[in-house]
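The next block holds one structure in the form of structure tokens; read it before the comments.
Index from 1, following the sequence. Whatever order the structure lists them in is the order used to number ligands and atoms, beginning at 1.
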Amino acid sequence: MTERRTGLYPGTFDPITFGHLDIIERSVKVFDLVIVGVAVNAGKGPLFDIDERVAQVRVEVAGLGDRVVVERLDGLLIQFAKAQGASVIIRGLRAVSDFDYEFQMSSMNAKLAPDIDTICLMASDRYQFIASRLVKEIAALGGDVSAFVPARIAKRLVDRLSRGA
Ligand code: ADP
């Protein structure tokens, strides 16, 4: 029997965008199981709290079947990966600006855990400009974000931001 290949896709997902969903859909083609790790990342001051983000991601990936699971990610990434039985960390690469950060992260993680590798998938053409941070800025200014995030997320953004938060 061949070993089950498990990949961990970590991120803040504040909120999940079509760019993230594209990476998840493509990862399912490569891995037997994809764990989407939603990072607590309180330091980043997320708009949606961890429970909201986990729930949002779960709803948006529901159509992808049981080879995608969503978990709350607290603490050190490589410890979480090991605990989940994931041998590969999946990241998405957009422009050159992502590269420095991802390269540094993967190098440090490789030092901490040489048996866990990082794989970066290139952002798809049509989504490579999408960033959660910009989506939030546009929504806060009353812009239409429906081209960047699923309809449910767009609505949640309007609800949250129109409350003057
Ligand atoms: P983090 O705080 O860990 O950077 P994000 O939720 O911003 O979390 O992103 C998670 C991962 O998804 C990162 O590797 C990021 O580069 C990637 N990513 C974000 N937006 C896109 C996109 N539009 N296309 C492809 N990958 C993306």
Side-chain angles (χ1 to χ4, degrees), residues 6-31 33-61 64 68-81 83-84 86-110 112-113 116-140 143-154 156-157 160-161:
T6 301
L8 168 64
Y9 180 39
T12 312
F13 304 108
D14 185 45
I16 188 159
T17 68
F18 287 138
H20 295 128
L21 285 166
D22 179 60
I23 296 289
I24 297 168
E25 281 172 29
R26 289 161 58 203
S27 298
V28 179
K29 295 179 187 156
V30 181
F31 294 94
L33 180 68
V34 174
I35 299 167
V36 183
V38 182
V40 174
N41 256 345
K44 268 196 162 183
L47 179 65
F48 296 106
D49 71 27
I50 181 65
D51 294 333
E52 291 175 298
R53 283 180 283 131
V54 168
Q56 288 166 359
V57 177
R58 281 209 175 116
V59 168
E60 300 307 333
V61 303
L64 297 175
V68 179
V69 296
V70 182
E71 301 286 354
R72 168 199 175 107
L73 196 171
D74 212 346
L76 197 60
L77 179 61
I78 48 149
Q79 269 170 11
F80 181 82
Q84 297 286 329
S87 53
V88 175
I89 291 165
I90 303 161
R91 298 287 287 176
L93 264 193
R94 283 162 297 184
V96 185
S97 51
D98 276 343
F99 181 81
D100 276 352
Y101 177 69
E102 297 297 343
F103 186 67
Q104 192 175 17
M105 274 252 299
S106 71
S107 305
M108 292 196 68
N109 284 329
L112 293 171
I116 295 182
D117 218 330
T118 299
I119 284 182
C120 290
L121 296 182
M122 298 299 162
S124 295
D125 255 15
R126 59 192 190 285
Y127 300 130
Q128 63 100 19
F129 56 89
I130 303 177
S132 298
R133 181 179 58 82
L134 294 176
V135 167
K136 283 181 283 191
E137 282 183 27
I138 293 166
D144 176 13
V145 292
S146 58
F148 316 130
V149 296
R152 280 176 290 247
I153 300 288
R156 297 286 295 113
L157 279 165
R160 177 61 48 92
L161 294 165

Partner set under side-chain hydrogen bond (donor to acceptor under 3.5 Å, both in side chains) for [X], not counting sequence neighbours:
X	value
Glu52	Arg156, Arg160
Arg152	Glu60
Asp144	Ser146

Restricting to non-hydrogen atoms, name the atom on Ile90 and the atom on Phe31 that form the minimum distance, rounded to 0.1 Å.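 Looks like CD1-CE1, 3.6 Å.
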What heavy-atom pair brings Val135 and Thr17 nearest, and what distance separates the two atoms?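 Heavy-atom minimum between the residues: CG2-CG2, 4.4 Å.
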Would you mind writing out a table of all protein N or O atoms found under 3.5 Å from any N or O atom of ligand 1, naming both atoms and giving the distance to 0.1 Å?
unit_1   : atom_1 : unit_2 : atom_2 : d
ligand 1 : 2 (O)  : Thr12  : OG1    : 2.6
ligand 1 : 2 (O)  : Lys44  : NZ     : 2.5
ligand 1 : 3 (O)  : Arg91  : NH1    : 3.1
ligand 1 : 3 (O)  : Arg91  : NH2    : 3.2
ligand 1 : 4 (O)  : Arg91  : NH2    : 3.3
ligand 1 : 6 (O)  : Thr12  : N      : 3.1
ligand 1 : 6 (O)  : Phe13  : N      : 2.9
ligand 1 : 6 (O)  : His20  : NE2    : 3.2
ligand 1 : 8 (O)  : Thr12  : N      : 3.0
ligand 1 : 9 (O)  : His20  : NE2    : 3.4
ligand 1 : 12 (O) : Tyr9   : OH     : 2.7
ligand 1 : 14 (O) : Arg91  : NE     : 3.1
ligand 1 : 14 (O) : Gly92  : N      : 3.0
ligand 1 : 14 (O) : Gly92  : O      : 3.3
ligand 1 : 14 (O) : Glu102 : OE2    : 3.2
ligand 1 : 16 (O) : Gly92  : O      : 2.6
ligand 1 : 20 (N) : Arg94  : NH1    : 3.3
ligand 1 : 23 (N) : Tyr127 : O      : 2.9
ligand 1 : 23 (N) : Ile130 : O      : 2.9

Polar side-chain atom of Asp117 near backbone of Val88 as donor-acceptor pair, under 3.5 Å: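 Not at all, since once roles are kept as given, no pair shorter than 3.5 Å links the two residues.
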